Amino acid sequence: MTSSNLLSITTFIFGAAAFFYFAHWIFKKQLFGRLGTWTALIGAVGNITGLIMRWVESYRMGIGHAPLSNMYESLVFFAGTIVIIYLFIERKSKNAIIGAFATPIAFLALAYASMSPNISDRIQPLVPALKSNWLIAHVITCFLGYAAFAIAFSISIMYLFKRRDVQKTSSLLSHFPKTQVLDELNHQMIMFGFLFLSIGIITGSVWANSAWGSYWTWDPKETWSLITWFIYATLLHARMMRGWYGKRIAYLSIIGFMAVLFTYFGVNLLPGLHSYGQV
Amino acid sequence: MKLTVVLLLSIALTSIIGTVIPQNENPEAYLRAYGEYLYRLFDVLDIFNMYHSWWFQLLLVLLTMNIVVCSIDRLSATWKIVFAKNPSFNLSRFRKLTQKEEINASYPPNELKKRYEPFISKQFGYTRVEETEKGLCIFAEKWRWTRLGVYTVHLSVILLLLGGLIGSIFGFQGYVNIPEGEKVDSIRARDTGKIRYLGFEIKCEDFNVSFYDNGAPKEYRSSLTIIEKGHPVYKKDIIVNDPLRYKGYSFFQSSYGKMAPNTASKKKEVANKPSDEITLNFAGSQSGKSYRIKAVIGKPVDIPEGLGKFVVVEYRKTAEFAGQNIGDAYVGILTPSGEKPVEVLLPLHFPNFDRMRKGAVVISVADQTAKKFNPGKQTGERYYTGLQVTKDPGVLVVYTGFIVIIIGCFITFFMSHQRVCIDIIKGKTKSKIIVTGTANKNKMGMQQKVKKLSDQLANLSHRS
Ligand code: HEM
């Protein structure tokens, strides 16, 4: 079996996990939650194994490099990170309904990577600019950040649903974590994501400085990552200084994640240096 | 605080403009794209170089001042808390807390104090015991200094901006082409075009480029020598991501090109030129079938399966793809039925090249032998290497800012000033112990810590 096959299978496993979590949420059966957790765990293992196999395959082809060099590989890593971080949260919060909102994002990311005609899953040799250890540090940290923001996004959506149900009449929302818990989780994910986004931008700058001789050139990808950073910085200040919490933080978190998505996908539509993402 | 949010958001919003409108292109391109009126307007507003415009820089300066003023203002208050000689504890505040843990023990307060104090002081560092009207009370705290974390983050933001400023005032960015075997002693600045003398010479001994089998570039390598007063003092092969640094200047591999060929190689070129008749191979991506068709330069041919028309327009001795030399190639125009024509490159060294386009038809030159392509080794050709030359004394400041911001964010997010109060109340036979705690951040996490602490204290309260 090749890594691409394994990762295609993993896509379906993530789909199944999302399905179980949904069933757990709708039918409120513990069994489905359990199934979801185990499926997600198996998917995560498949995801990591797929990446490792890809790494090995690239060495067999004589162009060995870490599997973090193009759009396909970054999406695979993104999906895996989301599931792993989510599983941590599930353990900590002891609530598997969040899975119904978090795992679909991982599923979509991986499905997009495997199925989109615009994304090649071929292992390509590295062009000179990408041959740098900073690239690896850059991609890992950025995507840890993005994954945390993705989960913060799902938690924000849950928060907004839960909040509208003031009378606690909706049975669909009754097993959601309490609003305070959702709000706190959202905040923790954002802090985690912000730290890693910062490190991601920093390692990217250091890399640019070693490859092209300037650490910041205002190219669209850089600028958009800074815009994203500013949005989350605004959120943090609003919370820490003005005591904003709840609804307004949830909206800001959603806007922040939109900026993340634009930085990730949208920027390729604009002119700039980071065009390797188009392959 | 409002001002901070307004500034952060206005920088974020205005930054978008520069990502939508390409920066620093030539005026004609802008005129064509936006028309006379908009061009004038954008030009006045410096939109075409907006990140260096006065108004954007002003926003950055305002932001910096905002941070400095706010931070100094608040720092003085925080400073007093952090560096107080005797940390103050307010027992009644702790007693008013709603979240508390309670345990009982059959020892008198003094015995409990003996058991608890070493344990607590190991966990927290600072501890203090005070008598109360009902018994005694142990206060403990740790990580008071983490209250300063925010200021280190803000300091680092200032360092970043300062480093950028130093770079833009004292820094230099330039570009130079050095033919193999030649040397230069000066560099032309990128923005002003002024010549700057280095005070030493830099020589390009050799330049080499290598390619992967699929035609993608693998490595650009320039062998450089630094020459001081006629003597070579330093040698290094540079590749992308591994520049040469000397006396504050850095030399980056940036581009390369071929010198105008001399007469000897021109003759060879003519002799090598293939005939105008070419056999092409068309492979339908859908059907998987392929067809061989003879074509002549300038005459369109119909592609089977109704996939459109193709015409070979010229033969190029050195074709370029994405700025890279990929050897000799035919260039053609493909007009898929009902779609816009596209230019198609058919490099003679890379038979599978056109697959990259992912079109409905893959075109190649038939009977092509995939000769190894190695432009660096072709006889009679001379290359020049293109170097980006920079000098930026601000980098050190910026990198310091990078490190400080990471540490500062970590402290601000994940560490807090934690205080606990263990209120021991003497009863008739037993003592009641109430454990409470506060933190300046992450209150939920603190509650869990308090719970854990009270469990541990409960263990210490039994006979052993
Ligand atoms: C470009 C980046 C930043 C700017 C422009 C900025 C600006 C400011 C300003 C002006 C204040 C004081 C507001 C006032 O007192 O009215 C403030 C406070 C604060 N900032 Fe930032 N900040 C930035 C980055 C950060 C980051 C990355 C963090 C988080 C790690 C952070 C955390 C805080 C906190 C916790 C406070 C409250 C400080 C206190 O209570 O004394 N800031 N910020």
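For the numbers below, each heavy atom of this structure counts, side chains included, while hydrogens, waters and symmetry mates do not. What you see is a predicted model, and the numbers here were worked out from it, not measured in a lab. Lettering follows sequence order; numbering is per chain, from 1.
Proximity to chain A (any heavy atom under 4.5 Å) is shown, for B:Ser250, by neither the backbone nor the side chain. With a 4.5 Å cut-off on non-hydrogen atoms, B:Ile239 does not touch chain A at all. Contacts of A:Leu195 with chain B are made by both backbone and side-chain atoms, with heavy-atom separations under 4.5 Å. With a threshold of 4.5 angstrom between heavy atoms, B:Tyr399 approaches chain A through side-chain atoms but not through N, CA, C or O. Heavy atoms of A:Gln180 lying under 4.5 Å from chain B belong to its backbone as well as its side chain.
A:Trp134 and A:Ser132 are not linked by any side-chain donor-acceptor pair at a separation below 3.5 angstrom, with hydrogens and angles left out of the test.
Under the 30°/60° scheme for interplanar angles, the aromatic rings of B:Tyr256 and B:Phe207 are found to lie parallel.
Summarising the geometry, atom CZ belonging to A:Phe192 is positioned 13.0 Å from atom CD1 belonging to A:Ile190; distances are rounded to the nearest 0.5 Å.
The shortest heavy-atom contact between A:Ser253 and A:Phe153 is OG-N, 4.0 Å.
Tested against B:Leu160, the residues B:Leu165, B:Thr400, B:Val404, B:Val398 include a single side chain to side chain contact (heavy atoms under 4.5 Å, CB included) partner, B:Val398.
Counting heavy-atom pairs closer than 4.5 Å to chain B, the top-ranked of the candidates A:Asn209, A:Ile231, A:Ile199 is A:Asn209.
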